[in-house]
Structure formats: C-alpha cells, structure tokens
There are 2 protein chains.
Amino acid sequence: MAESDPRFQRFADFLARSGLKTTRQRERIVHAFFAAGRHLSAEELYNRIQTQDPGIGLVTVYRTLKLLRQAGLATERQFGEAYTRFDPNPADWPHDHLICKRCGKIQEFEDAGLHSLREKIARSLGFTVTEHKLELYGFCRDCARLGKGRAARTA
Amino acid sequence: MAESDPRFQRFADFLARSGLKTTRQRERIVHAFFAAGRHLSAEELYNRIQTQDPGIGLVTVYRTLKLLRQAGLATERQFGEAYTRFDPNPADWPHDHLICKRCGKIQEFEDAGLHSLREKIARSLGFTVTEHKLELYGFCRDCARLGKGRAARTA
DNA sequence: GTGGAAATTGACAGTCATTTTCAATTAGGA
DNA sequence: TCCTAATTGAAAATGACTGTCAATTTCCAC
C-alpha cells in the first residue's frame, strides 16, 4: 500500500523537475511522513526517524518538509501551539479541521454548503477570497463522553 | 469618548479583584491599546508608546497584554505572520476575520447562519465545539480593483 | 565504470518573538 | 508614614526555525 502511494512518485518527479537529487535521507523522511498519516511537527517526525536511522539531522527534516510543501504534498498549519504542524494532504484539497482539546485528535472535513456560504458573506463585504482557514476546537465524541462522566461524578 | 470607555473600569476591576496594582505603565499601555482600535502586535504597541513615554519597556507591554487577555479584554490572534496580534474586542464576542493580503486590512464580521451551520456540521461528526477560528484571506474591495487594473495593463 | 561539478548533509551558530530572572523601585493598605 | 508584596526594566534565557560552511554524496557526461 505504502509502496504504491502515488505521492512518492510525485515527490520524485518534483525533485527531478527542479534539478534536485534523490537521497537516502529524503526517502526516509518522506516515507515516514506519509506513513504517519497525521499532522506531525518537524520534531515529531524527527523523533520517529531517529529510531530507525539515527544519522538524519533535524535540519534535514525541516528542509525536506519545505520541499514537500513546494511540491504541493504538505501544508503548514498552526493549531495554536508553539510549533508548526505539517498536513500530509494534497495542498489543493481545501478542507477544514476539528481539533479535540483533550486528546489532540485532528479530524478533517469538507462541506460545500459551508464553503459557498463563506464566499457569499465575503463577497457581500467586498472581499475576494483566495485562501481560508477554519478550525473548530472542542471535544471529540469520546472525550465529550468522558467529560460528562467526570462532571456527573463531581456533581 | 476614550475616557468613558467602560473597558478601563473593567481592567481596573480585574486588577483589584486579582490583588494586582494599578501603575502608570499599565494605564498608558491599556490606553494606547484601546485608542489604536486595531489588531496590534506587542512591538507595534510598544512603538506607539515610545513616542510619549520612552521609559516603558517592551517586556512590560507583553506582560500587560497578557493581563488584558486574562481580563477578557483582548484575544491573541495569529494571522500567518511571525508575531502575535492582539484583538481589542471583548473575548466573548465570537467573530471572524477577513484579511487583505495586499494592504493588511483586517475586517471583522459575524454571521449567525455561518455559526449555526458550523455547529451543525461539527455535531454531525460527533464534535462539541467550544471555540472556533475562521480567517478568510484575499483582497479587499480597493485592492481587488487595483489588482484588476494591473492585470489589464499587463495584458 | 569513472570523474567531477553541483547538490546535499549535519553540526553549529544566528535570528527573532517571547519569557524568565533578578535587583531595584513602587503601590497602597495597615 | 511604613512595610511588604507587586512591579519594573535590563539582560539573559528560551524555543522554533534558518543560514553558514566544510565534508560528503548524487548523478550526468564521457
């Protein structure tokens, strides 16, 4: 499954097209990034790689993530933390995020109605929208249940 | 007008309630912050104050902005810049932002339909929303017009 | 397969916004 | 007015990230 992931080919093409080289480090980093399938920070990705290939430096992880962004294979996101997380979804998929404040789960969603309503509101205010960012913070189903349980016990 | 701004009283009350003291520095900083009426960074606020009261340090500006946040009189916002901006609107007004990428104008808006649609989508995904953040980036009316003009000239 | 120019790497130092430390100063209740 | 706890500002520390640079590696031309 991972081997047939077309993103590896897209990244290789991007490198070739840009006159850049394929290296062991880049292959490892990109593989670990896609394998994680989550919004990782550079540090988290670095830690995952350390266990398999301790020679790779944090600096190279940062540089490779920047290349992935240029290739349209990752998007930088700030979720109110001190550091940047990298979204492994294709850059041309415009989606929004639900972030659980308790377990940290990040769920993605897309809603055409929401999108068009936003466009309509912006247009009515004279704005032409080119990018957007919507994050909803709260509690996922499991964590909301726990919260209720605790509240009930406390009461 | 500025003198009758109830926010000064709210801040004084917050300080008293918290066992903190009213100082010349805090009065100046809070006054300059509300007088600006815009989303300022700590550095921008510091620069405005320097012209009138060069004795006040940047550190004190940071500390006072943190107090304003605790008092519910300011909200930290990240608009994709390296630094944090502080929103002088009451923390309990849940509004969204339109940011012009050309002139930097930040326009606020509130839309009940948008709000309820978001709630509905989150609920259908099992999420309970407590906070949200929506930013629409693009061009305001004036800048969009300029952009069109330039495009036409280029063509 | 070899040579060599150009890209890459990793350690280290630098940057930049923000926070912490700490000795000196100040507010404001007793 | 006194006294203690809060406050201040300068300097140092922090933490994420980026630039520098000598040593290494890739990969195209031959």
Side-chain angles (χ1 to χ4, degrees), chain A residues 8 11-33 39-50 52-71 74-87, chain B residues 8 11-33 39-50 52-71 74-87:
Chain A
F8 291 111
F11 188 60
D13 291 347
F14 167 79
L15 290 178
R17 196 183 330 127
S18 310
L20 304 177
K21 293 170 181 174
T22 300
T23 64
R24 174 181 58 84
Q25 289 92 333
R26 285 177 180 168
E27 285 180 340
R28 289 282 171 86
I29 293 167
V30 171
H31 194 275
F33 179 60
H39 296 65
L40 294 180
S41 67
E43 195 97 30
E44 285 171 339
L45 183 53
Y46 171 71
N47 289 333
R48 284 178 184 231
I49 293 165
Q50 282 310 291
Q52 307 156 356
D53 197 332
I56 295 180
L58 176 57
V59 189
T60 304
V61 174
Y62 271 107
R63 284 189 282 226
T64 305
L65 284 168
K66 185 184 277 188
L67 291 175
L68 280 166
R69 173 157 50 85
Q70 290 170 13
T75 307
E76 294 188 358
R77 307 224 176 256
Q78 305 281 156
F79 291 125
E81 295 156 313
Y83 44 84
T84 301
R85 287 185 180 274
F86 291 81
D87 184 335
Chain B
F8 292 113
F11 188 60
D13 290 348
F14 167 80
L15 291 179
R17 195 181 335 124
S18 310
L20 304 176
K21 294 171 178 174
T22 299
T23 64
R24 172 180 59 84
Q25 289 91 332
R26 286 178 179 167
E27 285 178 340
R28 288 281 171 85
I29 293 166
V30 170
H31 193 275
F33 179 60
H39 295 65
L40 294 179
S41 67
E43 194 97 31
E44 285 171 341
L45 183 53
Y46 171 71
N47 289 334
R48 284 178 183 232
I49 293 165
Q50 283 309 291
Q52 307 157 357
D53 196 332
I56 295 179
L58 176 58
V59 189
T60 303
V61 174
Y62 271 108
R63 284 189 283 226
T64 304
L65 284 168
K66 183 184 278 188
L67 290 175
L68 281 165
R69 173 158 48 86
Q70 290 170 15
T75 307
E76 293 189 0
R77 307 226 177 254
Q78 306 280 157
F79 291 126
E81 295 156 314
Y83 44 83
T84 301
R85 287 186 179 274
F86 292 82
D87 185 336

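Chain naming here is simple, since letters A, B, ... match the order of the sequence lines and numbering starts at 1 in each. Note that this is a predicted model, so its numbers are computed, not measured.
- In this structure, CZ on B/Phe8 lies 4.0 Å from NE2 on B/His31, to the nearest 0.5 angstrom.
- A/Phe86 and A/Phe33 get closest at one heavy-atom pair: O-CE1, 3.6 Å.
- B/Asn47 pairs by the side-chain hydrogen bond (donor to acceptor under 3.5 Å, both in side chains) definition with nothing, not counting sequence neighbours.
- In this structure, B/Gln25 reaches the sugar-phosphate backbone alone: every heavy-atom distance under 4.0 Å involves primed, P, OP1 or OP2 atoms, never a base.
- Contact annotation for A/Ile56: backbone-only contact, meaning every heavy-atom pair under 4.0 Å involves sugar-phosphate atoms and none involves a base.
- A/Ser41 comes within 4.0 angstrom of no nucleic acid atom, judged by non-hydrogen atoms across all strands.
- In this structure, the ring pair (Phe, Tyr, Trp, His ring centres under 6.0 Å) partners of B/Phe79, at least two apart in sequence or on a different chain, are B/His39, B/His97.
- Every salt bridge (Lys or Arg N to Asp or Glu O under 4.0 Å) that B/Arg85 has, sequence neighbours left out, goes to B/Glu44, B/Glu81.
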For residues 59-71 of chain B, which side-chain N or O atoms pair as donor and acceptor with protein atoms under 3.5 Å away, sequence neighbours left out?
{"residue": "B/Thr64", "atom": "OG1", "partner": "B/Thr60", "partner atom": "O", "Å": "2.8"}
{"residue": "B/Arg69", "atom": "NE", "partner": "B/Glu76", "partner atom": "OE2", "Å": "2.9"}
{"residue": "B/Arg69", "atom": "NH2", "partner": "B/Glu76", "partner atom": "OE2", "Å": "3.0"}

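- Mapping A/Lys21 and A/Thr84 onto DNA chain D by nearest heavy atom places A/Thr84 closer to the 5' end of the strand.
- The OG1 atom of A/Thr23 sits 7.0 Å away from the CD1 atom of A/Ile29 when rounded to the nearest 0.5 Å.
- Running 5' to 3' along DNA chain C, contacts with non-hydrogen atoms of chain A at under 4.0 Å begin and end at C/dA6 to C/dC12.
- If you check every strand for non-hydrogen atoms under 4.0 Å, B/Arg24 touches nothing.
- Within 4.0 Å of B/Tyr83, counting heavy atoms only, lie sugar-phosphate atoms of the nucleic acid but no base atom.
- Nearest-nucleotide mapping onto DNA chain C: of B/Phe86 and A/Arg26, the residue sitting toward the 5' end is A/Arg26.
- Here CD of B/Glu43 is found 10.0 Å from CD of B/Gln50. Values are rounded to the nearest 0.5 Å.
- Taking a heavy-atom distance under 4.0 Å as the criterion, the stretch of DNA chain D touched by chain A extends 5' to 3' from D/dA16 to D/dC27.
- Map B/Thr23 and B/Ala42 each onto its nearest nucleotide of DNA chain C; the residue landing nearer the 5' end is B/Ala42.
- Separating the CG atom in A/Leu15 from the CZ atom in A/Arg26 is a distance of 6.0 Å, to the nearest 0.5 Å.
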